[in-house]
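Below is one structure, written out as C-alpha cells; the observations come after it.
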Amino acid sequence: MIAFITRRLLLGVMTVWLISILSFVIIQLPPGDFVDAYIAQLSSSGSQVSAAEAENLRKLYGLGEPFYVQYGKWLARIVTGDFGESMEWRRPVTEVIGDRLWLTLLLSLSALLVTWGLALPIGIFSAVRQYSFADYAFTLVGFIGIAVPNFLLALVIMYFSFVWFGASVGGLFSAEMALAPWGWDKVWDLMKHLPLPAVILALGGTAQLIRIMRANLLDELRRPYVVTARAKGLSEFRTIVKYPVRAALNPFASNIAYLFPYLVSGSIIVSIVLGLPTVGPLLVKALVAQDMFLAGTIVLLLGVMTVVGTFISDLVLMWVDPRIRHQMD
Amino acid sequence: MAEPILSVRDLKTQFFGPEGVVRAVDGVDFDVFEGRTLGVVGESGCGKSVTARSVLGIVDRPGRVVGGSILLRPAGGGAAVDLAKLSNEEMRKYRGPEIALVFQEPMASFSQHYTIGNQIGEGIKLHLGLDERAAKKRAIELLDMVGVPQPARRVDDYPFQLSGGLRQRVMIAMALSCDPRVLIADEPTTALDVTTQAQILDLLRSLQQQKGLAIILITHDMGVIAEMAHDVSVMYLGRAVETGSVKEIFTAPRHPYTRALLRSIPTVLAKPRTRLPTIEGSIPHPFERPKGCAYHPRCAEIIGPVCEKFEPPAVNTADGRQVRCFLHGGAPAQEVAA
Amino acid sequence: MAQIDSEKYAVATQLQLTWWRFRRHRLAMVSMVLLFACYLLAAFADFLATTDPHATDARTSYIAPQGIHLFDDDGSLRPHVYGIKGVRDMKTFKLIYTIDPSRKVYIEFFGQGYEYDLFGLIPTRVHLMTLKDAERGDGIYLLGTDLLGRDLWSRLMVATRVSLTIGLVGVTISLFLGVLLGGISAVYGGIVDTVIQRTIEVIRSMPTIPLWLGLAAALPNDWSVLQIYFAITIIISLLAWTDLARVVRGKFLALKEEDFVMAAELAGASQGRIIFRHMLPSFASHIIAAVSLALPAMIISETSLSFLGLGLRPPAISWGILLQDAQNIQTLALAPWLLISAIPVVVVILAFNFLGDGLRDAADPYG
C-alpha cells in the first residue's frame with residue numbers, strides 16, 4: 001500500500017516537474033527575449049523603459065544565461081509564490097488569475113460529479129438490461145456524446161436557447177453579481193449558473209464512461225461469483241449491486257485518473273464559447289497576445305491541479321480495490 | 001430405501017439463443033437420499049452443470065427450465081415442494097438453507113472485493129437472521145469445521161490471500177453456512193492438485209457423515225465417482241443414459257456409453273504399451289443433435305436402424321437400474337424429429 | 001455453416017478473419033462506405049466547389065442558403081438559382097443584398113470556374129457546377145455565405161479536405177511513434193520499459209488543450225500555411241501516440257506468451273522473423289482498430305485548436321476555422337447557417353467511432 005502511494009506520489013512530482021519545464025518552454029518560445037517584448041509592449045502604450053531598468057530586468061530573469069539557469073531562477077521565484085507579471089495587464093499574474101483558477105476547479109469537479117452521477121446508474125442499467133430498448137437508446141445517445149465535441153455542443157445549446165428563449169445561457173454569474181464581493185448571494189447565483197456548463201462539459205466523458213461501465217459490468221455479470229451470490233439466496237438487486245457492480249467500479253475508478261485532465265482541458269474551450277470566467281479565456285487571450293508569464297503560469301497551475309486530482313483519484317482507486325491495499329502485506 | 005430428499009423428474013432446461021434453441025438438459029431423472037452421494041458423470045458439455053443450476057433455479061439467461069419437476073421433501077415431513085414451479089422470489093428461501101452449491105473454481109467463485117468472513121456471513125444474516133457479530137462468530141466456527149487453520153484470523157482475509165485448497169474449504173464452509181440438506185458440488189476438485197483433491201473429498205465425506213448431507217457430486221472424473229458416490233447417473237447430451245448404484249455401474253455397466261467411459265480410464269493393471277481406448281468422435285454440436293438415440297453415431301454396439309430413428313425410453317431393469325438403450329429393451333414408441 | 005466453411009476458416013489469415021467478422025457489423029460497414037465517400041469528396045474538393053473559397057465580396061455578405069431549382073417555368077429541366085439584388089434599407093440607407101427570385105441564373109455543368117490544381121498536380125478550371133451569364137455577386141449559395149461574402153459550400157469542401165487529411169497525417173506520425181516506442185518497450189523491457197511507461201503515464205495525466213495551445217501559440221507568425229499545417233499536426237500527434245503505444249505494448253506482451261510464438265522460438269526462428277512473420281500479422285487488426293479510433297480524436301483536436309484561433313490560421317480553411325466564425329451568438333442569430341459546418345464534423349467523427357468499434361470487435365471478439 002505504501003509502495004503504491006509512494007509510486008503515485010513520485011509520478012505526480014515527476015509530472016509536475018515536466019509540466020513546469022513545458023510551461024517555461026512556452027514562456028521562452030516566442031522569438032526574442034521577453035524583456036524586449038515587455039519593453040515593446042510598454043512603449044506601445046506610451047511608457048518608457050530606461051536602458052538601466054531593462055538591464056535590471058534581464059539580470060533578474062537571468063537572460064543571456066543558459067536555459068537551465070533561467071529555468072532554475074524562474075522555478076526558485078515560483079516556489080516563493082512570485083509568478084511574474086502579466087505584460088498585458090501590468091499586474092502580478094496571481095492577481096490577474098484571481099478567482100478564475102478556483103472557478104475552473106469548481107467547474108471541472110462539478111462536471112466530474114455529473115459524469116459519475118450519470119454514467120454509473122446508466123452503465124449499470126444498460127448492462128443488466130442488455131439489448132433492451134433503453135440500452136439501445138443510451139448507446140445511441142452515448143455515441144453522439146462521444147462524437148460531438150463539447151464546444152460544438154455548447155454552441156448548439158447556446159444558439160437554441162437564444163432562438164427559443166431569447167436569452168444567453170453563458171456565464172457563471174448574473175450580470176449584477178459578476179463584480180460583487182463574495183457572499184451567500186453570489187454563491188447561490190453561482191450554483192444556479194453552474195449546472196448547464198457542468199453538464200455540457202461532462203457529456204463526452206459520461207458517454208465514454210457509460211460504455212466502459214457497461215462493458216465491464218457485462219464481463220463481471222458472467223463470472224462464477226455472481227452465481228455463488230445467487231446460490232446463497234440473495235435478491236437479484238443485492239446480488240448485482242454488491243458483487244459485479246463493485247468489481248466493475250474498479251476500472252471505473254482508474255479511468256477517473258484520465259477523466260480529470262480531460263475535463264480540465266475541455267473546460268477551457270467550453271468556457272470560451274459560454275463566456276465563463278475561468279482561466280480558459282484568459283489563457284487563450286494571453287497566448288494570442290504573447291503575454292507569456294500569464295500563459296505559462298496558467299499552464300503550470302492547470303497541470304498541477306490535474307496532477308493533484310489524479311493523485312486523489314488514485315487514492316480512491318486504492319480504497320475501492322482491496323488487492324491494491326494488500327499488495328505489500 | 002427411505003424417501004429421497006430430492007427427486008428430479010423429466011427436467012428440461014433450454015437455452016433460447018438467437019441461432020436457435022439448445023436443449024441443454026432434456027429429460028433428466030434422479031433421486032437424492034439423506035447421507036448418500038449421487039455422482040453425476042459425463043463428458044464436458046453433457047449438461048451436468050446446467051442440471052445443477054436448474055435445481056437451484058439459477059440458470060443464466062437466455063436459459064430457462066421449461067419442464068419437469070424438482071420435488072424437495074421438507075425437513076419435518078409433509079408434502080413435497082416442486083421447486084420448478086416456484087417464482088424466483090420464493091425460490092430464494094431454499095437457496096442456502098435447503099440446497100447449497102460448491103463450485104469448480106474457488107478463485108473465480110469468490111468476489112475479490114470482500115473478506116471471506118463477509119461472504120460467508122451474508123447468507124447467515126439473511127437466512128438465519130443473526131446479527132453481524134453472531135454471523136462472524138458462526139463464520140469462524142464454520143471455518144474451523146472445514147479445517148481452516150487460525151479461523152479467527154483468516155476470517156478477515158480476502159480470497160486472493162488464500163491458497164487454492166484453503167479457498168475450496170472456505171467455499172464449502174460458505175455452502176454449509178445455513179445447514180443445507182442437499183449440497184451440490186459442481187466439479188469441486190477439478191482445479192486442485194491431487195493431494196488437495198483427496199483432502200477435499202475426505203472433508204466432504206466426513207461432513208456428510210456428521211450432518212447426514214445429501215450430496216450431488218458433479219464430475220467428469222470416474223475416479224472421483226468411484227471414491228465418493230453411492231449412486232451414479234451417467235449423462236450424455238442432456239439425458240441420464242444409465243442410473244444405478246456405484247458398484248453395479250462399475251462392475252456391470254449396461255449402456256454402451258458407460259462401458260466406453262469406463263474403458264477409457266487408465267489403470268495400472270493394463271498391459272504395458274497398449275493403447276488406451278477412447279470414445280470415437282466427439283460430442284456433437286448442440287444444434288446438430290443426432291436423430292434417434294443421441295449416442296448412436298459414436299456407439300460401438302449399435303444395433304441398427306432402430307438406434308438411428310427412435311429414441312430409447314428409460315427401462316427399469318430387474319436390479320433397480322435405469323438404462324436408456326435398446327440393447328436392454330424398450331419399445332421404439334415415438335419417432336423423434338431432430 | 002460452420003462445417004462447410006471450416007476448411008476455409010482454418011487456413012484464413014488473421015486479417016481475413018477480422019474482415020469476415022467485420023462485415024457482419026452493419027453500422028460499421030455503412031460508416032466505412034460513408035468515410036470512403038467523404039475522402040473521395042475531399043479529393044475532388046475544388047472540383048465540387050462552385051466559387052473560389054477565398055474570394056471575398058462585400059455584396060454577398062451573409063447571403064442565406066438557397067437551393068437549386070430543377071425545373072424552369074415551362075416545366076423543362078433547366079437547373080437554376082436566383083441572382084442577388086441590392087435593396088436600400090430606408091432607415092440606415094445602406095445597400096443590403098438579398099436573393100432576387102425574379103432573376104434566374106442557369107447552372108452549367110462541367111463549366112469553367114476559378115483555376116486550381118486537381119490532386120495538386122493537374123491545373124484545370126473545370127468544376128462540377130458553375131453559373132452561366134452570372135452578374136457580379138451571383139453564386140450557387142447552397143450553404144449561404146459568411147461575413148466576407150465567401151461561399152460556405154465551397155469553403156466546406158476545401159475544409160473537409162484539410163481536416164480529414166490532417167487526421168491521416170497526424171495518425172501516421174502517432175502510429176510511427178506508438179509502434180516504435182510501444183514495441184521497444186515490450187521487446188526490451190526492464191529500465192527502457194519503465195521509462196517509456198512512466199512517460200506515457202505522465203503525458204496522459206496532463207491536460208492536453210493548454211499544452212497544445214501553448215505550443216501552437218509559439219509558432220512563428222510568418223510561417224506559411226503548409227508549415228503551420230505540419231507543425232500543428234506534429235503538435236497534436238506528440239500527445240496522441242500514447243494510446244497506440246499502449247495497445248502495441250499490451251498485444252506484444254500478450255503474444256510473447258502465446259504457444260505459437262514459443263513454437264517459432266523453439267524452431268529456431270530469428271527474433272525479426274518472429275516479430276514480423278508471426279506476431280505482427282496477429283495484431284495488425286488491433287492496430288487498425290486503434291488507428292480508426294485515434295483518427296476522430298485527431299480531427300477533434302485540430303478543430304478545437306483552429307476554433308480557438310491557435311491552430312491553422314486563415315487563409316487556411318478547416319472545419320475549426322469555419323466554426324470560428326460561428327463562435328459569437330450575435331453572429332449566429334444573424335446567420336444561423338454558419339453552424340452547418342458542425343454537421344460534417346459530427347457525422348465524420350461518429351462514423352469513425354462506429355468503424356473503430358466494429359473493427360475492434362472484429363479484431364478481438366473476446367475483448
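All values derive from a computational prediction rather than experimental measurement. We name chains A, B, ... by the order of the sequence lines, and we start the count at 1 in each one.
- In this pair, A:Phe138 and A:Phe125 present their aromatic rings perpendicular. The plane angle is above 60°, beyond the 30 to 60° band.
- Contact of B:Gln119 with chain A is made through backbone and side chain together, with heavy-atom distances under 4.5 Å.
- In this structure, a donor-acceptor pair under 3.5 Å is absent between the side chains of B:Asp82 and B:Ser69.
- Heavy atoms of B:Met91 lying under 4.5 Å from chain A are absent altogether.
- For the residue pair B:Asn118/B:Thr115, the side-chain donor-acceptor check at 3.5 Å is not satisfied.
- Ranked by heavy-atom pairs shorter than 4.5 Å toward chain A, the options B:Ile99, B:Ile58, B:Leu101 are led by B:Ile58.
- The choice from B:Gly96, B:Ser111, B:Ala100 that makes the most heavy-atom pairs within less than 4.5 Å of chain A is B:Ser111.
- When heavy atoms are compared at a cutoff of 4.5 Å, A:Arg238 approaches chain B solely by way of its side chain, counted from C-beta outward.
- Of all the listed residues (B:Glu89, B:Met174, B:Met171), the one sharing the greatest number of non-hydrogen pairs under 4.5 Å with chain A is B:Met174.
- Ring pair B:Phe110/B:Phe160: centre-to-centre distance not below 6.0 Å.
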Review point. Going through the checks in order, is the side-chain contact (heavy atoms from CB on, under 4.5 Å) test met by B:Leu11 and B:Phe30?
Key: CA-CA 9 Å; B:Leu11 181 68; B:Phe30 59 78; 5.7 Å; no
